[in-house]
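Hydrogens, waters and symmetry mates are skipped; everything else that's a heavy atom, side chains included, is used.
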Amino acid sequence: MTRADALPEWMPGTAVRSLPCGRWWDGVRVPSFVGMRVVDRLRDRSGPIIEDQVDVSMTWLVPVAAADGWRERTPGIAVLRAGDDLAVPPADWTGGPWAGGATPRWLIRPAGTCLTAPADLRAALEKVLPRSRARNV
C-alpha cells in the first residue's frame with residue numbers, strides 16, 4: 001500500500017462507528033437519487049462517499065467548516081458539522097445488503113487525506129437540482 005492509498009487514522013477497523021463531524025471532516029448528505037447524478041458529474045473529482053441504503057442517502061466527506069455557508073433550506077440536503085455524528089463503515093465495506101453486507105458502505109473509499117472539494121460538490125448539486133432548489137444550496 002502506497003502512502004496515497006494509506007487509510008486515514010479515523011477509519012474503523014471491523015464495525016461501523018459513529019464518528020464526530022468537525023474533527024477530521026464534515027459531511028454533505030443528499031438523497032441517493034440526487035447523489036447518483038452528482039457522482040456522474042463529479043467523476044474523479046469526488047472524494048469519499050458513504051452510502052446508507054436504509055436511509056437512502058449519500059454523504060460526501062468535505063473539509064471541516066468548508067460548507068458552513070451553505071443554506072439549510074434545500075429539502076433533503078443536510079450539512080453535517082461539529083456536533084453531528086456520522087456512521088462510518090470500515091474500509092472494506094463496499095458491498096451493500098444485496099451482497100450480504102451491511103447497509104452503510106463506501107461508494108468511494110477514502111485514501112490518504114483526499115476529501116471532496118466543496119466548490120466542486122456545490123457546482124454539481126446546482127447542476128442536478130431543479131433551479132428553485134439549487135438556489136438554496
Side-chain angles (χ1 to χ4, degrees):
M1 187 180 298
T2 66
R3 183 160 169 71
D5 293 333
L7 295 176
E9 64 170 299
W10 48 263
M11 182 66 71
T14 59
V16 173
R17 284 187 45 211
S18 182
L19 296 177
C21 296
R23 181 171 178 192
W24 301 285
W25 31 254
D26 282 349
V28 176
R29 179 175 292 148
V30 302
S32 290
F33 71 91
V34 172
M36 292 310 291
R37 294 178 61 206
V38 171
V39 168
D40 189 49
R41 285 207 164 268
L42 287 174
R43 298 192 183 266
D44 62 348
R45 291 176 295 137
S46 182
I49 305 170
I50 297 172
E51 182 180 28
D52 186 322
Q53 306 199 328
V54 168
D55 190 36
V56 193
S57 67
M58 298 169 74
T59 303
W60 271 262
L61 302 185
V62 298
V64 173
D68 278 356
W70 294 19
R71 296 181 188 176
E72 294 288 333
R73 295 183 306 203
T74 303
I77 297 178
V79 176
L80 307 174
R81 51 180 62 95
D84 295 317
D85 289 331
L86 180 61
V88 178
D92 61 347
W93 288 23
T94 56
W98 59 87
T103 46
R105 70 174 184 137
W106 289 105
L107 192 60
I108 299 177
R109 273 180 29 160
T113 58
C114 176
L115 298 175
T116 302
D120 290 342
L121 180 57
R122 186 173 182 160
L125 282 166
E126 288 174 351
K127 292 287 185 188
V128 304
L129 291 173
R131 283 190 175 279
S132 62
R133 289 179 65 194
R135 282 187 287 234
N136 292 328
V137 176

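- The hydrophobic cluster containing Ile108 also contains Met36, counting ILVMFWY residues as joined when their side-chain heavy atoms lie under 4.5 angstrom apart, directly or transitively.
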- side chain to side chain contact (heavy atoms under 4.5 Å, CB included) evaluation trace for Leu42 with Arg45: CA-CA 5 Å; Leu42 287 174; Arg45 291 176 295 137; 4.2 Å; yes

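- Considering all non-hydrogen atoms of both residues, Ile50 and Pro89 come closest at CD1-CD, 3.9 Å.
- Between the CD atom in Glu126 and the CZ atom in Arg41 there is a gap of 11.0 Å [rounded to 0.5 Å].
- Between Arg81 and Cys21, the shortest heavy-atom contact is O-CB, 3.3 Å.
- From Ile77, atom CD1 reaches atom CG of Leu129 across 4.5 Å, with rounding to the nearest 0.5 Å.
- Using a 4.5 Å heavy-atom threshold, the side chains of Leu115 and Val62 count as separate.
- Annotation: the span from Leu19 atom CG to Met11 atom CE amounts to 9.5 Å, rounded to 0.5 Å.
- Between the NZ atom in Lys127 and the CZ atom in Arg37 there is a gap of 12.0 Å [rounded to 0.5 Å].
- Across all their heavy atoms, Pro48 and Arg109 have their closest contact at CB-C, 4.3 Å.
- Residues Arg105 and Thr94 approach most closely at NH1-O, 3.0 Å, considering heavy atoms.
- Gly22 approaches Asp26 most closely through the heavy-atom pair N-OD1, 3.0 Å.
- Taking the side chain as every heavy atom from C-beta outward, Trp93 and Thr14 never approach each other to under 4.5 Å.
- Hydrophobic clustering, with ILVMFWY side chains joined whenever heavy atoms are under 4.5 angstrom apart, groups Leu121 together with Phe33.
- Closest of all the heavy-atom pairs between Ser57 and Ser32 is N-OG, 3.2 Å.
- Taking the six-membered ring for Trp and thresholds of 30 and 60 degrees, Trp24 and Trp10 have ring planes inclined between 30 and 60 degrees apart.
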Under the side chain to side chain contact (heavy atoms under 4.5 Å, CB included) criterion, do Arg29 and Asp55 qualify, and how do the steps go?
CA-CA 10 Å; Arg29 179 175 292 148; Asp55 190 36; 3.9 Å; yes

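- Remark: of the listed residues Val88, Leu80, Val28, Ile49, Leu80 is the sole one forming a side-chain contact (heavy atoms from CB on, under 4.5 Å) with Thr59.
- Within the 4.5 Å cutoff, the side chain of Val39 has heavy atoms near those of the Met58 side chain.
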